[in-house]
> 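Take a look at the following structure, please.
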Amino acid sequence: MTATSPYQGYVYAYPHKTAYRPLDPRPPLRRVWEGEPMDSLSLYLHIPFCEMRCGFCNLFTRTGAPDELVAAYLDALERQAGAVREALDAALDSASGGAPGAPGGSPGGPVFAVAAVGGGTPTYLSAAELTRLFDLAERTMGVDLRTVPLSVETSPATATADRLAVLAERGTTRISIGVQSFVDAEARAAVRPQRRAEVEAALGRIREAGFETLNLDLIYGIDGQDARSWRHSLDAALAWKPEEIYLYPLYVRPLTGLGRRARDWDDHRLGLYRRGRDHLLAAGYEQVSMRMFRLPDPARTAAPAHTTGYCCQSDGMVGLGCGARSYTSTLHYSHEYAVGTRQVRAIIDDYVRLAPGDFTAANVGFRLGDDERRRRHLIQSLLQAEGLDPVAYQARFGTEATADFGAEFDRLAARGWLETDAAGWPRLTAEGLAHSDAIGPALFSGAVRELMAGYEAR
């Protein structure tokens, strides 16, 4: 733990896509998924379009996509879904020796326990296009969207009444909206040209639509933001009583709109984080991770993904779309990755021209050996406030986490960032959670760090 900055990198997945490399030979998906448990999968649909590109954004997305490109993308998504579903059925058939499951969710097919639509901005699609997307998920992939947790991302400009009506009718249980700041000047500083009135109107429409869970994203560390304006945004968010609030530190990354304005403001961000954390805890929220705060509500029927039977540490994910990644126990794979505008457009243009057969194999990815699987489980558990379940870890790997990662635990404990609770679970302290973006990258393997360092940003 030698890094001095608490902001080394946001670890939302391990390993990061910059550690992926072209797979040679390209393994057929039916072989990739053969023998994998498919009774509790996650489905992720990626829509790589936005109405604008925020200055902090390093997502795989393009702006101003014309109608014909969006239609072509949905055509390609449908071709990919058909090829992937056929591969999953073939993998199940090969493993069981029985009859293959047919599309539509008949017995013997893969079972999806949770679904999400992200981007980009999924509600960049029109109401009719969203309907087509959900039809694809249900008819081709066999997901009953009205019986599983379904999360969809939106933005103030695209959260229109007709789109929200489709989301609600098709079973969306959670909607996440990127507000970032309720102060217009701060939104402009983050290269996000929106007005508070537009944000408030969108939130009103979302609440009227009746989704069980509303999540608001806020960002701290924006140029010109201080403790007073940060409190103003927090209180404006709390006025809507969102079931979830995510607090994100502003990152200035290569190839983004703010990438030329980097400066050292770690102490400022850390101070704002602590103020935000304490304010939300005082308002009755519980902290789930460094970023996520949730309002306890026993009456809520849409349970978080980790209580639905799906476990992010061990269960697989099927990703559809040119920016989506997929997980099996031993292989993470996706299409190419880029951030730069020209490169993203080129990848999308290539994707929409792919034939069904082009979707039958994995293109780029990372193969996980035993050590990497242990590290992934450790990172995805330890960066959550509840910590690592030692019994589940030993049941999965046959070893104790303290034996496998004792040196790492000792270094964290010496910094005051790790403790062991009464049940014997290693978990981050409050200050450890505050430094999650340094702890996560420090737990990466040497091989992953080397691959990431060798990735050429584009």
Side-chain angles (χ1 to χ4, degrees), residues 12 42-54 57-67 69-78 80-81 112 114-141 143 145-146 148-180 192 194 198-199 202-203 205-206 209-217 244 246 302 305 317-326 334-335 344 347-348 351-352:
Y12 57 87
S42 171
L43 177 67
Y44 178 74
L45 303 170
H46 179 246
I47 304 300
F49 305 122
C50 287
E51 74 277 8
M52 61 183 176
R53 183 144 193 169
C54 304
C57 177
N58 74 330
L59 297 177
F60 184 96
T61 187
R62 68 159 286 178
T63 60
D67 292 344
L69 178 60
V70 175
Y73 184 83
L74 292 175
D75 289 342
L77 198 64
E78 193 161 356
Q80 183 183 17
F112 292 94
V114 62
V117 189
T121 306
T123 47
Y124 184 88
L125 302 182
S126 68
E129 289 164 341
L130 287 168
T131 296
R132 181 182 178 189
L133 181 70
F134 291 134
D135 285 346
L136 177 155
E138 292 184 340
R139 296 172 185 174
T140 304
M141 298 307 296
V143 188
L145 296 176
R146 294 173 181 81
V148 302
L150 170 61
S151 177
V152 181
E153 298 173 13
T154 190
S155 69
T158 62
T160 59
D162 59 338
R163 291 178 171 98
L164 295 174
V166 172
L167 300 188
E169 193 276 328
R170 300 307 288 266
T172 301
T173 53
R174 177 183 182 271
I175 190 160
S176 179
I177 182 168
V179 173
Q180 320 315 352
R192 186 179 178 90
Q194 67 185 26
E198 179 186 32
V199 172
L203 290 170
R205 292 190 295 270
I206 289 171
F211 301 102
E212 295 180 11
T213 299
L214 165 63
N215 173 71
L216 294 182
D217 290 344
E244 296 175 3
Y246 273 68
M317 183 168 81
V318 176
L320 300 178
C322 63
R325 71 182 79 208
S326 298
S334 68
H335 287 278
V344 168
I347 292 173
I348 295 173
Y351 174 84
V352 300

> For L164 versus A209, what's the shortest heavy-atom pair and its separation?
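So the two residues come closest at CB-CB, 4.3 Å.
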> Where do A81 and L320 come nearest, in terms of heavy atoms and distance?
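In terms of heavy atoms, the two residues are closest at CB-CD1, 3.8 Å.
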> What is the distance from atom OG1 of T131 to atom CG of L136, rounded to the nearest 0.5 Å?
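Reported to 0.5 Å precision, the distance equals 12.5 Å.
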> Nearest 0.5 Å, please: how far is NE2 in H335 from CD in Q80?
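Answer for the CD-NE2 pair, Q80 versus H335, is 4.5 Å.
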> Of all heavy-atom pairs between Y44 and V117, which one has the smallest distance, and what is that distance?
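Where Y44 meets V117 most closely, the heavy atoms are CE1-C, 4.4 Å.
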> Please test M317 against R325 for side-chain contact (heavy atoms from CB on, under 4.5 Å), starting from the C-alpha separation and ending with a verdict.
CA-CA 8 Å; M317 183 168 81; R325 71 182 79 208; 4.0 Å; yes
> Any donor-acceptor pair under 3.5 Å linking the side chain of R163 with the backbone of L125?
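Yes.
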> Does the pair D75/R132 count as a salt bridge with the N-to-O cut at 4.0 Å?
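Result for this pair is yes, salt bridge flagged.
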> For residues A202 and I177, report the shortest heavy-atom separation together with the two atoms involved.
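Smallest heavy-atom distance, with atoms named: CB-CD1, 4.2 Å.
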> Looking only at non-hydrogen atoms, find the nearest pair between P122 and G120 and report the distance.
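For P122 and G120, the tightest heavy-atom pair comes out as CD-O, 3.8 Å.
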> Quick check: closest heavy atoms across F112 and S42, and the distance to 0.1 Å?
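Minimum heavy-atom contact is CD2-C, 3.9 Å.
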> When you check the side-chain N and O atoms of R174 and T213, is any donor under 3.5 Å from an acceptor?
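No.
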> I206 versus T154: any side-chain heavy-atom pair under 4.5 Å?
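SC-SC contact between I206 and T154 confirmed.
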> Just by distance, do the side chain of T121 and the backbone of Y124 share a donor-acceptor pair under 3.5 Å?
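Judged by distance alone, no pair lies under 3.5 Å.
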> Do E138 and R146 meet the salt-bridge criterion of a basic N to acidic O distance under 4.0 Å?
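Salt bridge flag = yes for E138 with R146.
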> Within the distance-only criterion (no hydrogens, no angle test), does the side chain of T172 pair as donor or acceptor with the backbone N or O of L150 below 3.5 angstrom?
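No, T172 side chain to L150 backbone: no donor-acceptor pair under 3.5 Å.
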> Okay, side chain of S176, backbone of E153: is any donor-acceptor separation there less than 3.5 Å?
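No.
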> Classify the ring geometry of F49 against Y73: parallel below 30°, tilted from 30° to 60°, perpendicular beyond 60°.
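F49 and Y73: perpendicular rings.
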> Decide yes or no for R170 and D135: does some side-chain heavy atom of the first lie under 4.5 Å from some side-chain heavy atom of the second?
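They are in side-chain contact.
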> Nearest 0.5 Å, what's the OH-CG distance between Y351 and L69?
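The OH atom of Y351 sits 11.5 Å away from the CG atom of L69.
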> Quick one: do V318 and M141 satisfy side-chain contact (heavy atoms from CB on, under 4.5 Å)? Show the steps, please.
CA-CA 10 Å; V318 176; M141 298 307 296; 4.2 Å; yes
> Carefully, step by step, assess V148 and L43 under the rule side-chain contact (heavy atoms from CB on, under 4.5 Å).
CA-CA 11 Å; V148 302; L43 177 67; over 6 Å; no
> Nearest 0.5 Å, please: how far is CD in E198 from OG in S155?
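Those atoms lie 8.0 Å apart.
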> Nearest 0.5 Å, please: how far is CG in L216 from CG in L214?
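If I round to the nearest 0.5 Å, the distance is 4.5 Å.
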> Please round to the nearest 0.5 Å and tell me the distance separating atom CD1 of I175 and atom OG of S151.
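OG of S151 is found 8.5 Å from CD1 of I175.
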> Is V152 close to F211 at the side-chain level, that is, under 4.5 Å between some pair of heavy atoms?
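No. Closest side-chain heavy atoms not under 4.5 Å.
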